[in-house]
Amino acid sequence: MPSTDLDAITKSKERIDLKGKTRDLVFGMQDGLISILGLVAGVYGAYSNQPLIVVITGFTGAMAAAISMAVGSLLSTEAERDILIAEIDEARELFKEKPYLAQESLMGEFTSAGMDKPTAYAAVKVMSKNKDVLFDNFRNSILDLPAVEKENPYVNAVVMFIAFIFGSLFPTLPFLFFSGRTAYYAAIIATGTALFILGVAKGYFAKQNFWLSGIKFFLIAVVASLLSEYAGTVIRDLLAARFA
Amino acid sequence: MISIGETVKDFLVKYVLGVEIEPIGIDYLKKKWTILFFYPEDFSFICPTEVTGFNDHLEEVKELGAQILGVSVDSLESHKAWIKELKIKYPLISDENKELGKIFGVLDKTDNRCHRATFIINPDLKVEFVMVTSRNVGRSVHETIRVLKAIHTGDSCPADWDPEGVK
């Protein structure tokens, strides 16, 4: 294989790895943008003349949600990892006890993919010369168990936390610098712009139409804020009578 | 399933020996003792230990005036490749139409492949020994040869009779 082809494959793999690492970053930021925009818009709908309440709600809500998201990320990653390790250990025991099951199932996999039996047999026989190679193929192709990721779940949780807090700044900060309707529109524009950039990036990585992806994310911000503001006014009016 | 003392019915199939393909019928079993063993399929990681095990003891079996025939439902081409892979020196019968499997009653109805069954047939075409094991359990070639030797004594042999030891 020419070295340029190898380079291309290596770069492509690096990009896939990077995508995995940025998952928490994008998810955390997107959630911080949308949920906190919804929160501040709702509170603004209810208390449009009290920007301090909007800002405090935005920051405290962002802190609580960021902690929750980070802990959720940590626990779910750890749980997922523990379950995967247990399943792989179980598979390894089975493999040690009955290696021919792995060989037979790989043979079946190869022949059902169109390989003739002698070729499939030869391929599995070559793999069988190295037990680790045979087991990895058995684990991956037959049991559909991925390798245990080397990522640190604590790092992922911190990334999620920071990303969420960073995302929440876009809908919250405008209420610090502006007042009234201006602050509200500035929050929508700032959040919508950030979401638009995220959407474009997502579209680029997913090899989709990134303009369309960006516009979709922007519209989500607009719709979320309008609905939340409306919900805020409705809830305020409903509860006003109760607490009057 | 065919049982002890029953006569093997006539059949016509084909076998592969080396790269040669030949027809085979009941006449092939006359005048010689035959170890006829069925196995599920070529190119399996369980079967080769049996197929090669019989190959390793081929000379010993020949010295007892017997022949070995392996049978599976695989094609002749598959047998050719399998023989080449394992360097088998005895015939492998292709029972693609399940004719032998039906005669001996060893077809697994779940997938139309053969059970692991071994028969010792005398030159008068009567069955002298039958053994069938689970798909996942390989047979003992030594045990088959021990039984063949025991039958050849024409005498009563106790449990665990050892041809090398006390008869």
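Just so it is clear, the model here is predicted, and its values are computed rather than measured. Order of the sequence lines fixes the chain letters, A, B, ..., with proteins taken first and strands second; residue numbering starts at 1 for each chain.
- Although no hydrogens or angles enter the test, the distance criterion places a donor-acceptor pair under 3.5 Å between the side chain of E104(A) and the main chain of F45(B).
- Neither the backbone nor the side chain of K98(A) comes within less than 4.5 Å of any heavy atom of chain B.
- Applying the side chain to side chain contact (heavy atoms under 4.5 Å, CB included) test to L169(A) and every residue at least two apart in sequence or in another chain returns F59(A), F166(A), L173(A).
- Annotation: N97(B), atom CG; neighbour count of heavy atoms from other residues, nucleotides and ligands within 6.0 Å does not exceed 12.
- Crowding of E78(A) atom CD: a count of heavy atoms from other residues, nucleotides or ligands under 6.0 Å exceeding 12.
- The aromatic rings of Y121(A) and W82(B) sit perpendicular, their planes meeting at an angle over 60°, well past the 30° parallel limit.
- Atom NZ in K117(A) sits 13.5 Å away from atom CD in E77(B) (nearest 0.5 Å).
- Applying the 6.0 Å contact sphere to CD of E99(B) captures more than 12 heavy atoms from other residues, nucleotides or ligands.
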